[in-house]
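Have a look at the structure below before the remarks.
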Amino acid sequence: MSQATRPAAPTALTPDERRITLVIAAVQFINILDFMMVMPLGPDFARALGIPAAHIGYIGGSYTAAAAVAGLIGSMLLDRFDRRRALAVAMAGLIVSTALGGLAWDFPSLLAARVLAGLFGGPAVAVAIATLTDQVAPQRRGQAMGAVMSAFSLSAIAGVPVGLELAFYGGWRLPFFAVAFAGLVVAVAAIAILPPQRGHLTAGTGAGVKTGAWVRMTALLSRRKVWLAYATVALVQVQQFMIVPNIAAYVQGNLGFPRDHLSLVYMTGGALSFFASRWAGRLVDRHGSSAITFVATVGLSVVIFTAFVGYRPWMPVLGLFPFFMTFVGVRMVANGAAFSRVPDPQERAGFMALVSAVQHLSSAFGAFLSAEILTNAPDGRLEHVSTMATVSIAIGLAIPVLTLWLERATRPVVTPSPATMITDTVLDGAGQSR
């Protein structure tokens, strides 16, 4: 790799960057927890509200669908506002809708609350990541993304288990109120700590945010690197969500892992992923996104193949699935750093809103695809898991290639200095080879 294309040497986050990163990580934690806590609580609120067990999936799916729709709408609107103000509105809506979930009295009311939460949760993530990208220098974004992506790990380590315990002692409604209160604390802190975020409005003067939403969206989608970013995001989510919804059923029904030890899988995986994500951020800043994506994809493919195709009784469950979560976390950091370089400042929130929509739609597609492949045996085992794993691995193999193309497409153009151009001209005139 030439000096012109080698990633800049990583440096530590500045105090301002560190403070903003922590705020955005807290916002991300609330968003992820608000989404992740619902499915484990499914049996609890299904019994309390008389919801058929077969309909629990609609509760999680309603959030995903609403977040995707909000992402499509937000992609044309969010870059027209101060990011701090937009984040405050999105977090306020998420807080209120989460609390309304705790006040639900039947299936339609809970479904409506989760749709409302998705409509605000999707834009909140988009604005938060756009703010982070605005405020952190490109050569340090890997570190910042690593810290923010560790919110996924923290929700698995602490958030979901605490939510389950709160539901055990205080009923299924208590976790909704607890997350709403925590969201309120984070929102107040974010508004107090973040300065006004209007730099993208200045950058967009003339040809940016002052143009029509449809014109800006058309301009955004006319670029090859934008489509590369969305294709990469889509394949990442499809591969992961072919596996994620089926882990609990597979380790219990097929591998005989005890139900009362299931939380150990998520807590161990979350802990490993937390530290790996922070470490991965520094590696991305040093070696680039494509190299780390390649290593993480190879590791993920090996884990999927071993767990679902070549599993043997002597293999420990806690030695496989926590590493699945670890490689997923590492690759998310690398991909996040790669596509953070795609949009211009005045279109970052819109770009990230579309990323959110693509993520949610692709996650739903991956889960649906695995459901079409898998069947239930009479004894409760999942059948055709090897086919599901093979398809997931095949999809994942394209991700490092797309990431490499994306990284090349977003490299800054190095313009030769006048002195260099004069030297080159003299050398050419003297007949020297270049």
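Keep in mind that this is a model prediction, so the values were computed, not measured.
Counting only heavy atoms from C-beta outward, the side chains of F176 and L100 never approach each other to under 4.5 Å. Looking at heavy atoms from C-beta onward, R331 lies out of side-chain contact with T403 at the 4.5 angstrom threshold. In this structure the side chain of V358 never reaches within 4.5 angstrom of the side chain of Q237, judged on heavy atoms. L132 is not listed as a side-chain neighbour of E17, based on a closest heavy-atom distance of 4.5 Å or more.
Shortest non-hydrogen contact noted between V127 and A86 is CG2-CB, 4.2 Å. The two atoms that bring I191 and A88 nearest to each other are CD1-CB, 3.6 Å, heavy atoms only. Heavy atoms only, all atoms of each residue included: R224 and A409 are closest at NH1-CB, 4.1 Å. The nearest pair of heavy atoms linking G171 to P175 is O-CD, 3.4 Å. Shown here for T98 and A180, the closest heavy-atom pair between the two residues is CG2-N, 4.1 Å. Residues V342 and V226 come closest through the heavy atom pair CG1-CG2, 3.7 Å.
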ask   = Between Y250 and Y311, does a side chain to side chain contact (heavy atoms under 4.5 Å, CB included) hold up when you go through it step by step?
value = CA-CA 12 Å; Y250 177 71; Y311 182 81; 4.3 Å; yes
message = Assess the residue pair L87 and R83 against the criterion (side chain to side chain contact (heavy atoms under 4.5 Å, CB included)); give the C-alpha distance rounded to whole Å, side-chain angles, the decisive distance to 0.1 Å, and a yes or no.
response = CA-CA 6 Å; L87 182 62; R83 299 215 201 284; over 6 Å; no
task = Test L369 against M388 for side chain to side chain contact (heavy atoms under 4.5 Å, CB included), laying out the working first.
result = CA-CA 9 Å; L369 181 58; M388 175 196 71; over 6 Å; no
request  = Tell me, with the steps shown, if N335 and V233 meet side chain to side chain contact (heavy atoms under 4.5 Å, CB included).
outcome  = CA-CA 8 Å; N335 289 153; V233 169; over 6 Å; no
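Within the model, atoms CG of L110 and CH2 of W172 stand 5.5 Å from one another, a figure rounded to the nearest 0.5 Å. For the atom pair CZ (F324) and CD1 (I304), the distance works out to 5.5 Å, reported to the nearest 0.5 Å. The distance from atom CD of Q240 to atom CD1 of I395, rounded to the nearest 0.5 Å, is 11.5 Å. Put simply, OG1 on T293 and CG on L300 are 11.5 Å apart, with the number rounded to the nearest 0.5 Å. Atom CG of L402 is separated from atom OG1 of T232 by 4.5 Å, given to the nearest 0.5 angstrom. Atom-to-atom distance recorded for E372:CD and M242:CE is 11.0 Å, nearest 0.5 angstrom.
Of the possible polar contacts, one joining the S392 side chain to the Q239 backbone as a donor-acceptor pair under 3.5 Å is found. Listed for the R173 side chain is a donor-acceptor partner under 3.5 Å among the backbone atoms of A104. In this structure a side-chain-to-backbone donor-acceptor pair under 3.5 Å is missing from Y63 to L111. At least one donor-acceptor pair under 3.5 Å links the side chain of S97 to the backbone N or O of L94. In this structure, E407 contributes its side chain and S289 its backbone to a donor-acceptor pair below 3.5 Å. A donor-acceptor contact shorter than 3.5 Å is absent between the side chain of T306 and the backbone of V303.
Within 6.0 Å of the CZ atom in F308, the count of heavy atoms belonging to other residues, nucleotides or ligands exceeds 12. At most 12 heavy atoms of other shown residues, nucleotides or ligands fall within 6.0 angstrom of atom CZ in F294.
Exactly one residue among I24, L22, V23 makes a side chain to side chain contact (heavy atoms under 4.5 Å, CB included) with I20. That residue is I24.
By the 30° and 60° cut-offs, the orientation of the rings of Y230 relative to W227 is perpendicular.
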